[in-house]
Amino acid sequence: ANVITGNDWPLTIDTGSFPDPSSTIPSSGNTNDNIRVTSGSGTGTGTWPLFAGLDYVVTESPTIAAAGALTIADGNTLKFGNADSITINGALHVPGTPDNGVLFTQSSASNWNGLHFQSGSTGNLAYCTVEYSSYGVYAYAPASLNIDHSILQYNTYAFYGYSNANPVLTDNTFQNNTNTGIFIQNTTSPVIPASNTVTGNNKGIYFQDSASPQVLCDVTGGETGIHFRNCTSPVISTGVTVQNTTGCGIYYEDCTGLGTINSLTLTGNAGYGALRMADSGDFTLGAANVITGNDWPLTIDTGSFPDPSSTI
């Protein structure tokens, strides 16, 4: 029986406030007919329900405190203003479904700044679309982070992980991101599983300063498919295809422990071609690689040394 009209917003909340699903929130009659999310540090546990005709619009960057836990219900859209973000010190759960899903996007022509999972935080994102952000999902040493069946697109960095981020990435699509699809730094034994799709990013997958990174998925398009920089014992699993890049298929830069690179398919890579080695020491190219249709099969510098047994 409330009469809520003629206001700038019908409702403003932070990450520690949770309207009951039975609430009546008008979707017309106010200047901004959505739910405004403002700054603050939420310490409570609760859910943002889906209300017909209403989006959640983040106008100032809020925080989920270490004691807080926010669940965003399936079907919701969250829109973010210029450079706005949500920082997670506690927990963020987004249980989207195949039928609906949850959309995180911009509210204007300018990029927002992403979902920022901080040290010790936890997160579960399922059937989400994250788009038009500087850092779609940013992770700094979270306790656990699971992203599955989600689309990360049109961001600068789709996923940016730092300091043993080690996300669990399952059945996601990383596409058309202007810098990098998946960037991981200072992390031990990160794995990009085969179920992920990486396509059309400027750089598909980029590992830096990491030990034993492993790629199991195919990469298509962009400038560089897979880039290892200052990594030890990087591995690309047998059967992986890297194709149709404009600058280089796979780039090893200042790496050690390359061992034998085998059973890969590298086709249609321009620029430096299929494989580029920069100051990465000894390596062997196995006989089971398929390296065809590239500008070059191999590009090296004076610090990279293919074994005489290599098949090039």
Side-chain angles (χ1 to χ4, degrees), residues 2-96 100-108 110-126 128-140 142-145 147 155:
N2 293 310
V3 178
I4 304 176
T5 59
N7 307 284
D8 278 358
W9 301 84
L11 176 66
T12 296
I13 60 175
D14 66 3
T15 55
S17 303
F18 316 107
D20 190 86
S22 65
S23 297
T24 300
I25 305 172
S27 59
S28 63
N30 294 284
T31 304
N32 299 282
D33 293 314
N34 288 299
I35 299 170
R36 183 186 182 191
V37 178
T38 189
S39 61
S41 185
T43 59
T45 298
T47 298
W48 288 352
L50 175 64
F51 294 103
L54 295 170
D55 299 329
Y56 292 84
V57 179
V58 179
T59 61
E60 300 170 18
S61 298
T63 297
I64 302 171
L70 172 63
T71 298
I72 299 173
D74 183 39
N76 269 308
T77 293
L78 274 71
K79 296 180 178 179
F80 292 77
N82 178 27
D84 286 324
S85 61
I86 295 178
T87 296
I88 302 100
N89 294 312
L92 176 64
H93 305 294
V94 190
N100 297 299
V102 174
L103 173 63
F104 297 88
T105 192
Q106 62 191 25
S107 63
S108 66
S110 299
N111 276 11
W112 58 293
N113 206 36
L115 305 174
H116 289 237
F117 291 88
Q118 300 299 317
S119 179
S121 64
T122 60
N124 295 281
L125 309 179
C128 295
T129 297
V130 182
E131 62 183 20
Y132 299 112
S133 174
S134 296
Y135 298 92
V137 177
Y138 176 97
Y140 176 79
S144 66
L145 178 57
I147 306 174
N155 305 285

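For the single chain, residues carry numbers from 1 onward in sequence order.
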Please assess Glu131 against Leu103 for the test side chain to side chain contact (heavy atoms under 4.5 Å, CB included), listing each intermediate value before the final yes or no. CA-CA 8 Å; Glu131 62 183 20; Leu103 173 63; 3.8 Å; yes

Taking Ser85 for the side chain and Ser61 for the main chain, is one N or O donor matched with an acceptor at less than 3.5 Å? no

Working to the nearest 0.5 Å, report the span between CG of Asn89 and NE2 of His116. 12.0 Å

Just wondering, do Arg36 and Ile13 contact through their side chains at under 4.5 Å, heavy atoms? no

Just how far is it from atom CG of Asp33 to atom CD1 of Ile4, taken to the nearest 0.5 Å? 11.5 Å

For the side chain of Asn124 and the backbone of His93, is there at least one donor-acceptor N/O pair under 3.5 Å apart? no

Minimum heavy-atom separation for Trp112 and Gly114, please, with both atom names. CE3-N, 3.1 Å

Is a side-chain donor or acceptor of Asn76 paired with a backbone partner of Pro49 at a separation under 3.5 angstrom? yes

Heavy-atom closest pair (Ser110 atom, Asn82 atom, distance to 0.1 Å) is CB-OD1, 3.4 Å

Considering non-hydrogen atoms only, spot the tightest contact between Val37 and Pro62 and give its length. CG1-CG, 4.0 Å

Sub-4.5 Å side-chain heavy-atom contact between Cys128 and Val102: yes

Are the side chains of Thr122 and Pro142 in contact, using a 4.5 Å heavy-atom criterion? no

Considering only heavy atoms from C-beta outward, does the side chain of Phe80 approach that of Ser107 to under 4.5 Å? no

Could you tell me if the side chain of Thr71 sits less than 4.5 Å from the side chain of Phe18, heavy atoms only? no

Looking only at heavy atoms, which two atoms of Ser121 and Gln118 are closest? And how far apart? OG-O, 2.6 Å

Mark yes or no for whether Ser134, through its side chain, and Asn113, through its backbone, hold a donor-acceptor pair below 3.5 Å. no

Spacing of Thr105 atom OG1 and Asp55 atom CG [to the nearest 0.5 Å]: 10.0 Å

Quick check: does any side chain N or O of Asn32 sit under 3.5 Å from a backbone N or O of Asn34, one acting as donor and the other as acceptor? no

Counting neighbours of OH on Tyr140 that are heavy atoms of other residues, nucleotides or ligands and sit closer than 6.0 Å, is the number greater than 12? no

Residue pairs passing the side-chain hydrogen bond (donor to acceptor under 3.5 Å, both in side chains) test with at least one member in residues 7-19, sequence neighbours excluded, are Asn7-Asn30, Asp14-Ser17

Rounding to 0.5 Å, atoms CD1 (Ile35) and CZ (Phe51) come to a distance of 5.5 Å

Which residue, Ile86, Val130, Leu115, Val94, forms the side-chain contact (heavy atoms from CB on, under 4.5 Å) with Leu78? Ile86

Nearest-0.5 Å distance, CZ of residue Phe104 to CG of residue Asn155: 12.0 Å

Could you check whether any side-chain heavy atom of Thr24 comes within less than 4.5 Å of a side-chain heavy atom of Asn2, counting everything from C-beta outward? no

Please report the interatomic distance CG(Asp84) to CG(Asn111), rounded to the nearest 0.5 Å. 12.0 Å

Looking at Pro19, is its backbone amide N or carbonyl O close enough to the side chain of Trp48 to form a donor-acceptor pair, meaning the two atoms are under 3.5 Å apart? no

